[in-house]
Amino acid sequence: MEKGKITLTMIKPTAVKEHHVGDILAHIEHAGFKIIGLKMTQMPKEKAMVFYEVHKDKFFFDELVNFMKSGPVVVAILEKENAVKDFRELIGSTDPAEAEEGTIRKLFAKDKTHNAIHGSDSDENAVKEAWFFFSEMDQFRY
Ligand code: CDP
Ligand code: MG
């Protein structure tokens, strides 16, 4: 796993419940990202709170944590040159109403909280988030 070449994504509970996992992973692979770690998991409240710790003082924090623990998520480490920036472009704006046509959030998100997918916001956070979910054995090179 190389810093600068990876990002961490999570398909959020609503998108999983609505059976969009396959379509979203297809979008990701077709955009040139290589999946080097992949799993389904459900975060207990404490884990969701730690994952979104930077937002702990925001008005939307409780709703966000309750949503993220509400069902299984599909988490993946993705590899590509400029992974963080290119992936943020692929998913679109946080609020799907403002997301560009063809972006994952435009296609699959319901609203700003239930916005289908997460993407890391920096190379540092991508590495941190990858280790948050995946042990060394579950991070692949191929
Ligand atoms: O996910 P992204 O990096 O685009 O946005 P963020 O500002 O890091 O916010 C994290 C998550 O909090 C978003 O993806 C939304 O699910 C949620 N959020 C929300 O529910 N209401 C807001 N006003 C802003 C964010
Ligand atoms: Mg963010």
Side-chain angles (χ1 to χ4, degrees), residues 1-136 138-141:
M1 190 183 62
E2 214 176 317
K3 190 180 161 194
K5 290 191 178 175
I6 65 126
T7 192
L8 187 285
T9 189
M10 188 164 38
I11 303 175
K12 298 187 180 184
T14 337
V16 173
K17 280 179 187 157
E18 293 180 352
H19 307 181
H20 294 315
V21 171
D23 285 341
I24 291 175
L25 291 178
H27 258 79
I28 290 170
E29 287 195 308
H30 294 160
F33 293 86
K34 181 168 157 187
I35 297 170
I36 60 167
L38 181 66
K39 72 171 167 196
M40 181 179 270
T41 185
Q42 183 163 357
M43 288 189 282
K45 185 171 189 181
E46 296 66 37
K47 193 155 173 151
M49 287 175 78
V50 173
F51 186 82
Y52 279 117
E53 203 162 30
V54 291
H55 295 308
K56 66 178 188 305
D57 298 324
K58 307 267 174 63
F59 71 92
F60 58 82
F61 184 68
D62 287 353
E63 189 187 5
L64 175 61
V65 167
N66 283 327
F67 167 51
M68 292 306 297
K69 75 174 180 65
S70 70
V73 293
V74 171
V75 197
I77 308 174
L78 305 174
E79 189 181 83
K80 188 182 182 295
E81 293 294 334
N82 301 312
V84 166
K85 182 170 165 286
D86 287 359
F87 195 70
R88 299 283 313 189
E89 264 169 40
L90 183 70
I91 67 177
S93 302
T94 306
D95 185 346
E98 291 163 16
E100 302 263 336
E101 290 299 327
T103 59
I104 291 174
R105 281 170 167 167
K106 186 70 176 188
L107 290 165
F108 300 108
K110 304 192 92 63
D111 55 50
K112 203 167 186 178
T113 297
H114 309 90
N115 63 358
I117 193 159
H118 168 80
S120 306
D121 63 7
S122 68
D123 292 339
E124 287 70 27
N125 284 337
V127 170
K128 201 171 135 190
E129 291 171 1
W131 283 108
F132 184 82
F133 283 112
F134 295 91
S135 66
E136 177 131 43
D138 295 327
Q139 300 180 19
F140 297 89
R141 284 163 184 275

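As a basis for the values below, the full set of heavy atoms in this structure was taken, side chains included, without hydrogen atoms, waters or symmetry mates. Numbering of residues begins at 1 and proceeds along the displayed sequence. Counting starts at 1 for both ligands and their atoms, following the listed order.
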> Would you say Thr94 and ligand 1 have an N/O pair spaced under 3.5 Å apart?
Replying inline: yes
>> Could you identify the single nearest non-hydrogen protein atom to atom 17 (C) of ligand 1 and state the distance to 0.1 Å?
In response: Leu64 CD1, 3.7 Å
> Mind checking whether His118 has a heavy atom under 4.0 Å from ligand 1?
Replying inline: no
> How long is the span from the CG atom in Leu64 to the CZ atom in Phe51, to the nearest 0.5 Å?
Replying inline: 9.5 Å
> About how many Å separate NZ of Lys58 and OH of Tyr52, when rounded to the nearest 0.5 Å?
Replying inline: 11.5 Å
>> Give me the residue, atom name and distance of the protein heavy atom closest to atom 15 (C) of ligand 1.
In response: Lys112 O, 3.1 Å
>> Can you tell me how far apart CZ (Phe59) and CG (Asp57) are? Round to the nearest 0.5 Å.
In response: 13.0 Å
> Is it the side chain, the backbone, both or neither of Asn115 that has a heavy atom closer than 4.0 Å to ligand 1?
Replying inline: side chain
> How about Glu100: does its CD atom have over 12 heavy atoms from other parts shown lying under 6.0 Å from it?
Replying inline: no
> Yes or no on side chain to side chain contact (heavy atoms under 4.5 Å, CB included) for Val65 and Lys45, after CA distance, side-chain angles and deciding distance?
Replying inline: CA-CA 7 Å; Val65 167; Lys45 185 171 189 181; 3.8 Å; yes
N/O donor to acceptor pairs below 3.5 angstrom from side-chain atoms of residues 16-28, sequence neighbours left out:
from  : atom 1 : to     : atom 2 : distance (Å)
Lys17 : NZ     : Ser70  : O      : 3.4
Glu18 : OE2    : Lys110 : NZ     : 2.8
His27 : ND1    : Asp23  : O      : 3.4

>> Can you report which non-hydrogen protein atom sits closest to atom 24 (C) of ligand 1, along with the distance?
In response: Phe60 CE2, 3.4 Å
> What do we get for Phe59 next to ligand 1 when only non-hydrogen atoms under 4.0 Å count, side chain, backbone, both or neither?
Replying inline: side chain
>> Does Lys39 qualify as a cation-pi partner of Phe133, given the criterion of NZ or CZ under 6.0 Å from the six-membered ring centre and within 45 degrees of its axis?
In response: no
Mind listing the side-chain donor-acceptor pairs of residues 78-92 below 3.5 Å, one per line with the distance, residues two or more places apart or on another chain?
from  : atom 1 : to     : atom 2 : distance (Å)
Lys80 : NZ     : Asp86  : OD2    : 2.6
Glu81 : OE2    : Lys5   : NZ     : 3.4
Arg88 : NH1    : Gly119 : O      : 2.9

>> Heavy atom to atom 1 (O) of ligand 1, shortest distance: which of His55, His114, Arg105 holds it?
In response: Arg105
> With a 4.0 Å heavy-atom cut-off (strictly under), which part of Lys12 contacts ligand 1: side chain, backbone, both or neither?
Replying inline: side chain
> Does any N or O atom in Tyr52 lie less than 3.5 angstrom from one in ligand 1, N or O only?
Replying inline: no
> For ligand 1, is there an atom lying under 4.0 Å from some heavy atom of Arg88?
Replying inline: yes
> Under 4.0 Å from any heavy atom of Thr113, which atoms of ligand 1 are there?
Replying inline: 16 (O), 19 (C), 20 (O)
